[in-house]
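See structure below.
What you are looking at is a predicted structure, and each value in this text was computed from that prediction instead of being measured.
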Amino acid sequence: MVESLEQAEKMASIYPFVELRVDNVVLCRENLENLIKINNKLIITCRKSGLTKQERQTNLLRAVDAGVSYIDVGLEESHSLIMNLRKNMSSEQKLIISYHNNESLPPMDELLSLINICFDSGADIAKVACQCNSRTDAAKMLALYSGQAFQSRLISIGMGDKGKITRIAGVAMGAPFTYARADEGKETAPGQFAYSEMKEILDKLL
């Protein structure tokens, strides 16, 4: 999570693809445009974290207006907010709708239904991130890539140590990208690799 503009600028200058959570810091349009000049592959997300719907919408629409490449909203977000974002985004901008379950892995039919809801709600990319408590759970997360309709439009991540393999294998199975933590930062979800670790593994495998 970004705590300051200086931190956001540092992350954007170091890493080729950066997700910035703007729950706790207000970035004006000029700030965002400057960040895009540093790195045009930015994902902006703003979770609830005590913010009102209007505050979240304002933050995200400001990012859309500045020309940010990706916007991420949770599936639990209001339909009207998602539709308002979709209406204001250009064809070049991508909307990620994500579902997180920090406790367990729902049944496969429920996961498939959630993914379809993401796409029906206007997602360009659907992201599901669920806690994996066994290798079988991780295998189920990877099995989601078998759906041809989801090809290159799905990111399926298993959280926790048992789900680490999904962060690597998912890219090979069609995920448009994966997630890692900053080398000098703390993980934002259980089981994340550091960026340098992830890059070394993917460089060897792909």
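Put simply, the side chain of Asp72 never gets that close to the backbone of Thr45: no donor and acceptor are under 3.5 Å apart. Using modelled atom types, one side-chain atom of Asn116 and one backbone atom of Leu112 make a donor-acceptor pair closer than 3.5 Å. Thr178 places no side-chain N or O within donor-acceptor distance of the main-chain N or O of Ile168, the cut-off being under 3.5 Å. Counting only distance, with no hydrogens or angles, the side chain of Asp183 and the backbone of Ala194 share no donor-acceptor pair below 3.5 Å. No donor-acceptor pair closer than 3.5 Å links the side chain of Asn59 to the backbone N or O of Arg56.
Partners of Tyr179 under the ring pair (Phe, Tyr, Trp, His ring centres under 6.0 Å) rule, at least two apart in sequence or in another chain, are Phe177. With sequence neighbours left out, the side chain to side chain contact (heavy atoms under 4.5 Å, CB included) criterion links Ala143 to Met108.
Contact of the Ser156 side chain with the Thr166 side chain is not registered, since no non-hydrogen atoms from C-beta on lie closer than 4.5 Å. In this structure, the side chains of Leu61 and Leu85 come closer than 4.5 Å at one or more pairs of heavy atoms. For the pair Ile201/Met198, no side-chain contact is recorded, criterion being any heavy-atom separation below 4.5 Å from C-beta on. In this structure, the side chains of Gln192 and Met159 stay at 4.5 Å or more apart for every pair of heavy atoms. Within the 4.5 Å cutoff, side-chain heavy atoms of Leu42 are placed close to those of Ile36. Looking only at side-chain heavy atoms (C-beta outward), Tyr99 and Ile117 stay at 4.5 Å or farther from each other. Within the 4.5 Å cutoff, the side chain of Ile44 has heavy atoms near those of the Leu32 side chain. By the 4.5 Å heavy-atom criterion applied to side chains, Leu205 and Val171 are not counted as neighbours.
Taking both residues in full, the closest heavy atoms of Pro176 and Leu154 are given as CD-O, 3.5 Å, listed atom of the first, atom of the second, then distance. Taking each heavy atom of Asp137 and Gln131 in turn, the nearest pair found is OD2-O, 4.4 Å.
For the side chain to side chain contact (heavy atoms under 4.5 Å, CB included) test with Ile71, the passing option among Asn88, Val64, Ile82 is Val64; the others fail.
Of the inter-residue distances, the one linking His79 atom NE2 with Asn84 atom CG reads 11.0 Å to the nearest 0.5 angstrom. Asn34 CG to Ile38 CD1: the interatomic distance, rounded to the nearest 0.5 Å, is 7.0 Å. We find the CG-SG distance between Asp124 and Cys118 to be 11.5 Å, quoted to the nearest 0.5 Å. How far CD of Gln57 is from SG of Cys46: 11.0 Å, rounded to the nearest 0.5 Å. One distance of note links CZ of Arg167 with CE of Met141; it measures 9.5 Å at 0.5 Å rounding. Taken from CD in Gln7 to CG in Leu20, the straight-line distance is 8.5 Å, to the nearest 0.5 Å.
Figure legend: cation-pi geometry between Arg153 and Phe119, with NZ or CZ positioned under 6.0 Å from the six-membered ring centre and within 45° of its axis.
The aromatic rings of Phe17 and Tyr70 sit tilted relative to each other, their planes meeting at an angle between 30° and 60°.
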**OP:** Give the intermediate values and the outcome of side chain to side chain contact (heavy atoms under 4.5 Å, CB included) for residues Lys10 and Ser4.
**Re:** CA-CA 10 Å; Lys10 180 181 178 182; Ser4 67; over 6 Å; no
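Other residues, nucleotides and ligands contribute over 12 non-hydrogen atoms within 6.0 Å of the CD atom of Glu184.
A salt bridge links Glu200 to Lys204: at least one charged side-chain nitrogen sits closer than 4.0 Å to a carboxylate oxygen.
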